[in-house]
Structure formats: C-alpha cells, structure tokens
Chemist: 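The following block contains the structure, expressed as structure tokens.
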Protein chains: 2
Amino acid sequence: MSKAIIDDVAARAGVSIKTVSRVVNRERNVRPQTRARVEAAIAELNYRPRLSARSLAGNRSFMLGLIYGKPGAHYVLDIQEGILEICRPHGYELVIHPGEFRDGDLVNEVSELILDRRIDGVLLSPPISDHMEAIGLLVEAGIPLVRIAPTIDKTAHPFVETNDLEASFELAEVLIGLGHRRIGFITGHPDHRAVGLRFEGYRKALRAHGIAFQGELVTLGDNRFHAGEEGARQLLSLPSPPTAIFAANDEMAGGVIKTALAMGLRIPEQLSVVGFDDAPISRQVWPSISTIQQPIREMAKTATQILLEQLRAGEAEPHPSMHPARVILRESIAPPRTQTS
Amino acid sequence: MSKAIIDDVAARAGVSIKTVSRVVNRERNVRPQTRARVEAAIAELNYRPRLSARSLAGNRSFMLGLIYGKPGAHYVLDIQEGILEICRPHGYELVIHPGEFRDGDLVNEVSELILDRRIDGVLLSPPISDHMEAIGLLVEAGIPLVRIAPTIDKTAHPFVETNDLEASFELAEVLIGLGHRRIGFITGHPDHRAVGLRFEGYRKALRAHGIAFQGELVTLGDNRFHAGEEGARQLLSLPSPPTAIFAANDEMAGGVIKTALAMGLRIPEQLSVVGFDDAPISRQVWPSISTIQQPIREMAKTATQILLEQLRAGEAEPHPSMHPARVILRESIAPPRTQTS
DNA sequence: GTGAAAGCGCTAACAG
DNA sequence: CTGTTAGCGCTTTCAC
C-alpha cells in the first residue's frame with residue numbers, strides 16, 4: 001500500500017517538490033532528463049497525488065457533474081458511460097445528479113453541487129439541457145458546462161446535438177413512400193424539447209408530400225410506454241383510423257405495438273409503427289420497430305471532450321458539434337392494406 | 001455567492017473555529033446555547049464547509065463508490081438512485097465505476113479508486129459483489145464495503161440480499177399448479193451467481209412435485225435478450241417441446257416471447273412464459289410476462305445505510321439484511337393445452 | 001466545554 | 001529550467 005507523498009518522490013529523484021508537481025501536471029519547462037528521473041521515482045514509489053490536497057491547493061476538484069432528467073434508463077446509462085470513457089483517463093471523476101425538470105429542488109441541487117463539491121464542469125443531458133435557470137446559475141458561478149442536445153438558446157454555450165428534425169422527416173417519408181396517407185403521431189413530453197423537433201419533422205414531411213395535416217391524428221404523449229398504449233387506443237378507435245403510427249420515441253412505439261396486438265391487429269399488415277431512439281425495446285418487441293438511431297454515447301463523449309478542453313483552455317466558445325442520426329428499418333412497417341379494413 | 005469560510009463563521013458567532021467545526025460535525029460537548037449561536041451564524045453566512053479541505057485534514061473524502069457489472073440498464077439505475085437517495089442527505093457523493101467481471105482492469109480500477117480518490121466506502125452490485133479479488137483488495141486497504149445480493153462467502157462482510165431461490169421455487173410452483181409438466185429453463189449468466197439460484201429454485205420445485213428433471217429442457221443463457229431468443233428456438237424445436245418456459249430473467253423471457261410469436265405460437269395458449277426481475281420489458285411486451293419483483297432499489301438503500309453506519313461506527317459486522325421478492329402474475333401464463341399440438 | 005497551534009499534501013506565486 | 005516560501009480551509013492534538 002503506497003503511502004508515498006510528493007516529498008518522498010522529490011527526495012528519491014533529487015529534485016524539489018515543485019518539479020515533481022510540474023511533471024505530474026504535465027507542465028512544460030522541465031528538462032526531459034529531469035522529467036524522466038521524476039517519472040522513474042514516481043513509478044518506483046507507486047506515487048499518486050492525493051486528490052484532496054490538489055483540490056484544496058489548486059482550487060479545483062477534478063470532478064465533473066452530470067445532471068440528468070429521466071428520459072429512460074438506457075439513455076442515461078449510455079450518456080454516463082460515454083462521459084466516463086473520456087473523463088477517467090484524464091483523471092476526472094463523475095458525480096451524478098438526477099434532477100426533475102419541474103422540481104424546484106433542481107436549482108438547489110445545482111448550487112450545492114457548485115458550492116460544496118466545487119465541481120469543475122458540468123454536463124447537462126436532456127431535458128435539463130434546456131433548463132435555462134440551472135444554466136444561468138452555472139454561468140453565474142463561472143462553471144464551464146456543455147449541453148447535450150439542447151433545443152433553445154443555442155448561442156451562448158457549447159453543446160452537442162443531433163438532427164432530430166431531419167431524421168424524423170426522413171422516417172416519415174419512408175412511411176409516405178410506402179403509400180401511407182393517414183399517419184398518426186404521438187408526441188413526446190413537452191419538457192423534453194428535443195422530442196418536439198420530431199413532431200416538426202413529421203409535419204414537414206406531410207407538407208412536402210402534399211398531405212393535409214389532421215389534428216385528430218395526433219395525441220399528446222410523455223415519452224413513456226403507457227402514453228403509447230393510450231395514444232394507440234385513441235387513434236385506432238377513430239372512425240377512420242390511421243394506417244401507420246409514428247411515436248416520438250421507441251418506448252411509446254412499444255406501447256402502440258402492445259395495444260395494437262391486444263386489439264387483435266396484425267403488424268405490419270394492418271398497422272405500421274415507427275419510433276425513435278433505437279432503444280433496446282425497439283429490437284425486443286415483435287415485430288421489431290423501425291426507428292432512428294441516435295449516437296447518444298458519441299454525443300456524450302464529444303461533450304466531455306469539449307468540456308475538458310474548456311477546462312484546459314479556460315475558453316467557453318459555443319463550439320457546437322453535430323452527430324447525425326440515422327434511420328433503421330425493421331419489421332414494423334409495410335404498405336397500407338389496399339381498401340378494406 | 002457565498003465565499004464564507006470557517007473563520008468568518010467563528011468571528012460572527014464569537015467562538016473559535018474549533019467550535020464551529022464541532023457543530024458542523026455534530027460532535028457532542030458543545031453547550032446547546034453555543035451550538036445555536038454557531039448554527040445561526042452558519043445560516044446567515046450561508047456557510048458550507050469546503051469538502052476538499054475537510055478531506056485533506058480529516059483524511060476522508062465524503063465519497064462513496066459504486067462498482068457495478070452490466071446486468072441491464074434499469075437495474076443499475078435503480079441501484080444508483082437508491083444509493084443517492086440515502087447518501088446525499090448525509091453529505092456523501094457517489095462516484096460510479098462500471099467494471100467488467102472478467103476484466104483484469106477491474107482490480108486496477110479498484111485500487112485507483114482507493115488510492116486516488118480515497119473513497120470512504122464501497123458498494124458492490126451483482127455480479128461484482130461476488131468478485132472476491134476486488135473484495136480482498138478493499139478489505140486489505142481497510143475500506144468498508146457492503147455487498148448487494150452476493151451468493152458466495154457470505155460470512156465476512158455486510159451484505160443485503162433477496163430470496164432468489166425461494167421466489168423462483170414459488171414461481172415454478174405456479175406453473176406446475178397450472179398443470180405444466182414439461183417446463184423449459186433458460187439459465188442466467190454464469191458469472192452472475194445470484195441468477196444461478198433461480199435455477200436451483202426451479203429444480204427444487206420440480207423435485208417437490210415429483211417431476212423428473214430433464215437436461216434437454218435446459219439451455220444456457222447469459223441474461224441477455226438474444227439468449228432468450230436462442231433458447232426458445234432450441235427448446236421449441238424439440239420433438240416434444242415444453243409447454244412452459246422459465247427464463248432466469250425478464251430480458252431473456254422477452255426473447256422467448258418474441259421468438260415464440262415469430263414462430264406463430266400463441267401465448268399463453270400454446271406456451272406459458274415466466275421471467276424474473278419485474279424489469280420494464282416484462283410489462284411492455286404482449287402478452288406481459290409473469291415474473292418476480294425484486295426490491296432492488298430498497299436493497300440499495302439498505303446497503304447504503306449499512307455502509308454509512310459502518311463509517312460512523314468504524315465497525316464491520318456481517319450485518320445481513322433480507323428483502324423478500326414477490327411473485328407477480330400477468331398474462332403470459334395459462335394451463336397447458338390438453339393433448340393435441 | 002472551549003481554544004491555540006500545528007499540520008494534512010499539494011499548488012501558486014515569485015525568485016533565481 | 002528549477003527551487004523557496006506561503007498558504008488553501010479544515011481537523012487534530014493537547015491544553016485550559
């Protein structure tokens with residue numbers, strides 16, 4: 001068990017502790033020879049700088065914070081692991097903060113994170129990435145942040161994004177291309193703005209193909225499975241039900257599938273279904289769901305890289321970064337039945 | 001923005017910093033009156049002790065570590081949030097470490113966690129809770145730990161557990177009670193020992209009801225959806241296929257359902273399916289899966305409480321704690337068809 | 001019960 | 001390029 005401290009290393013290498021510090025912190029202005037000696041000493045003693053000491057003296061914590069909403073377990077975990085993959089090798093730890101969008105506590109939690117933990121930087125995942133109050137707090141405190149997939153106010157802060165709108169336009173076009181004209185839509189949670197863009201993509205596709213938008217074909221969802229079930233029940237009970245349903249995420253698309261099957265419909269023969277996210281559920285239901293794959297993990301990695309760079313440079317440029325999503329076609333779609341019910 | 005430090009508080013309250021420290025740390029031997037004065041000063045100044053300073057001086061980090069394997073996103077997230085719910089109010093942060101069971105790096109990561117971060121205590125979730133090498137390392141370093149749902153060596157360390165074996169015995173009995181005699185089983189990942197107990201429960205139930213165990217009705221799984229698909233394909237292709245399939249977790253049960261439906265079978269009329277975990281997927285497929293609900297989040301909470309208590313007391317008693325699981329019946333089961341295929 | 005002094009192990013100025 | 005001197009803000013002795 002190594003109890004070596006910086007003085008031990010300095011003594012062993014025959015230099016001052018400051019030089020050791022320089023080597024550890026990868027500062028320049030150290031003769032290669034000296035650096036090598038110090039590094040050898042570090043290795044021999046299995047020295048590791050005590051984080052708390054570094055934090056106290058250097059006034060930084062080597063910790064990053066992730067504040068996330070609740071957009072589904074796999075989404076959060078993907079982001080989390082994407083971040084870790086990048087920040088660990090750079091000596092940064094991650095502390096995680098679940099936060100409810102509408103919860104007043106979020107603001108408290110954020111200030112706690114800043115005040116107590118002296119977090120060096122923060123990553124905001126949807127829908128918190130649109131929580132301007134929390135962002136304001138961070139900015140005020142001078143804490144660097146990167147927003148993951150924000151939809152509003154995309155000017156002042158660095159962020160990473162994907163093309164929700166274009167991708168859902170494309171997916172809607174696939175349905176139209178198959179011959180569907182009555183296409184239902186189940187919207188996402190209103191707080192989760194990125195999901196709102198998917199609705200835009202759907203409308204834009206209708207417009208582009210001269211199909212009139214019909215309000216009765218839209219139901220309000222909240223990103224959860226249950227909303228898909230409800231929405232499907234509602235849409236499929238219409239006098240003239242849709243031949244296809246586009247749910248704003250896979251979770252809800254799964255709900256649509258379950259309800260449709262329970263109602264005795266055959267998919268895709270009698271109803272086509274598409275979702276969004278390429279969530280596990282899209283592969284696990286039968287029939288599997290056509291969807292859109294978002295590079296969530298990659299976005300998280302890029303966001304972390306941007307954040308670390310900012311910490312290094314002290315800069316805070318907007319620095320946007322785009323990770324395109326792509327359509328994935330599976331079993332849940334087919335041309336609409338000609339005529340008959 | 002509060003920049004108050006302990007000296008400010010001491011001055012404001014007219015006491016020495018040591019007394020402030022005593023109040024902050026809830027030590028006894030402070031006159032109630034003095035305590036009140038100090039607390040008032042703390043509130044007025046919105047003082048929050050700087051963690052890094054506390055860590056450096058007190059030689060503890062106020063951070064807990066979670067080392068987890070990969071037993072599915074919802075499982076991990078449940079554990080994570082259970083831990084946070086308890087440790088946050090006590091001023092502890094959580095740092096998370098994904099770790100592969102078979103990965104040699106796990107040991108390195110653990111020592112890093114100990115050496116660099118001076119983690120105060122560690123929670124081990126399955127299957128890492130059975131990783132005796134990692135545990136040995138922690139013990140050697142004198143880091144308190146609590147194991148979540150371990151299956152081996154349950155003597156030396158505190159742990160929380162559930163009754164996997166009894167619960168699956170019960171679930172298997174439900175199938176037998178319905179009249180099933182040929183019941184297939186898809187086993188879990190061999191590293192994930194807790195899941196192994198579910199197989200034991202199944203065998204025990206067969207034995208208890210005088211049904212001969214048949215090796216051909218068992219396939220080896222790995223807890224993942226795909227293994228359920230494969231296993232079902234194999235079992236349902238037998239000359240005399242099972243009338244029911246028990247998968248060691250819901251993920252695999254979902255795979256069974258998908259495959260069975262794709263093969264044109266009707267569930268539960270032609271095949272009953274049960275799983276384990278009460279994972280979201282068990283509610284989201286059609287028909288929904290009968291399963292066993294484990295109090296995962298509760299286990300995590302109890303584990304954290306035990307850990308915090310240990311940190312306070314400096315004790316490390318085995319201190320086991322049992323959270324019973326319970327059977328949940330849903331649409332996926334029915335009596336076997338009499339006679340005909 | 002309370003306080004004074006002495007660090008915890010490191011980084012941040014400044015010298016050289 | 002390298003070393004010296006001060007702290008960072010708290011907890012710990014050990015007095016009183």
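To find a chain, count down the sequence lines: A is the first, B the second, and so on, and within it residues start at 1.
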Chemist: Counting runs of three or more consecutive pairs, Watson-Crick or G-U wobble, with each distance below 3.5 Å, where are the stems of DNA chain C?
Modeler: C:1-11 with D:6-16, C:13-16 with D:1-4

Chemist: Report the distance from atom OH of A:Tyr92 to atom CG of A:Leu51, rounding to the nearest 0.5 Å.
Modeler: 10.0 Å

Chemist: Strictly below 4.0 Å, heavy-atom distances to any atom of DNA chain C: list the hits from residues 54-63 of chain A, or just say none.
Modeler: A:Arg54, A:Ala57, A:Gly58

Chemist: A:Ile5: what forms a side chain to side chain contact (heavy atoms under 4.5 Å, CB included) with it, not counting sequence neighbours?
Modeler: A:Asp7, A:Asp8, A:Arg50

Chemist: Once side chain to side chain contact (heavy atoms under 4.5 Å, CB included) is applied, do any residues pair with A:Arg31, and if so which ones, sequence neighbours excluded?
Modeler: A:Gln33, A:Thr34

Chemist: How close do B:Lys154 and B:Phe159 get, heavy atom to heavy atom, and via which atoms?
Modeler: O-CE2, 3.5 Å

Chemist: Does any N or O in the side chain of B:Asp120 come within less than 3.5 Å of the main-chain N or O of B:Phe62, such that one atom is a donor and the other an acceptor?
Modeler: yes

Chemist: Please check this pair: side chain of A:Ser321 against backbone of A:Val160, looking for a donor-acceptor N/O pair closer than 3.5 Å.
Modeler: no

Chemist: Using side-chain hydrogen bond (donor to acceptor under 3.5 Å, both in side chains) as the criterion, list what pairs up with B:Asn25, not counting sequence neighbours.
Modeler: B:Ser21, B:Arg54

Chemist: List the atom pairs, with distances to 0.1 Å, where a side-chain N or O of residues 294-304 of chain B and a protein N or O form a donor-acceptor pair under 3.5 Å, not counting sequence neighbours.
Modeler:
{"from": "B:Gln294", "atom 1": "NE2", "to": "B:Asp277", "atom 2": "OD1", "distance (Å)": "3.0"}
{"from": "B:Arg297", "atom 1": "NE", "to": "B:Glu85", "atom 2": "OE1", "distance (Å)": "3.4"}
{"from": "B:Arg297", "atom 1": "NH2", "to": "B:Glu85", "atom 2": "OE1", "distance (Å)": "3.3"}
{"from": "B:Lys301", "atom 1": "NZ", "to": "B:Glu85", "atom 2": "OE2", "distance (Å)": "2.8"}
{"from": "B:Thr302", "atom 1": "OG1", "to": "B:Glu298", "atom 2": "O", "distance (Å)": "3.0"}
{"from": "B:Thr302", "atom 1": "OG1", "to": "B:His323", "atom 2": "NE2", "distance (Å)": "2.8"}
{"from": "B:Thr304", "atom 1": "OG1", "to": "B:Ala300", "atom 2": "O", "distance (Å)": "2.7"}

Chemist: At the 4.0 Å heavy-atom cut-off to chain A, mark where contacts on DNA chain D begin and end, going 5' to 3'.
Modeler: D:dC1 to D:dG9

Chemist: Determine the interplanar angle of the B:His192 and B:Tyr75 rings, folded into 0 to 90°, and report it as parallel if under 30°, tilted if 30 to 60°, perpendicular if over 60°.
Modeler: perpendicular

Chemist: How would you list, by chain and number, every residue that makes a side-chain hydrogen bond (donor to acceptor under 3.5 Å, both in side chains) with A:Asp191, sequence neighbours excluded?
Modeler: A:Arg102

Chemist: Can you list, pair by pair, the side-chain donor-acceptor contacts under 3.5 Å of residues 35-44 of chain A, counting residues two or more places apart and other chains?
Modeler:
{"from": "A:Arg35", "atom 1": "NH2", "to": "A:Glu27", "atom 2": "O", "distance (Å)": "2.9"}
{"from": "A:Arg37", "atom 1": "NE", "to": "A:Ala13", "atom 2": "O", "distance (Å)": "2.9"}
{"from": "A:Arg37", "atom 1": "NH2", "to": "A:Ala13", "atom 2": "O", "distance (Å)": "3.3"}
{"from": "A:Glu44", "atom 1": "OE1", "to": "A:Arg12", "atom 2": "NE", "distance (Å)": "3.4"}
{"from": "A:Glu44", "atom 1": "OE1", "to": "A:Arg12", "atom 2": "NH1", "distance (Å)": "3.4"}
{"from": "A:Glu44", "atom 1": "OE1", "to": "A:Arg12", "atom 2": "NH2", "distance (Å)": "2.6"}

Chemist: Tell me which residues in residues 13-34 of chain B lie within less than 4.0 Å of DNA chain D, going by non-hydrogen atoms.
Modeler: B:Ile17, B:Lys18, B:Ser21, B:Asn25

Chemist: On DNA chain C, reading 5' to 3', which nucleotide is the first and which the last to sit with an atom under 4.0 Å from a heavy atom of chain B, could you check?
Modeler: C:dG1 to C:dG9

Chemist: Just how far is it from atom CG of B:Leu138 to atom CD1 of B:Ile119, taken to the nearest 0.5 Å?
Modeler: 10.0 Å

Chemist: Supply the atom-to-atom distance A:Leu307 CG to A:Arg312 CZ, rounded to the nearest 0.5 angstrom.
Modeler: 10.5 Å

Chemist: Looking at A:Ser55 and A:Arg60, would you say the former's side chain and the latter's main chain have a donor-acceptor pair under 3.5 Å?
Modeler: yes

Chemist: With sequence neighbours excluded, tell me which residues meet salt bridge (charged side-chain N to carboxylate O under 4.0 Å, His left out) with A:Asp130.
Modeler: A:Arg147

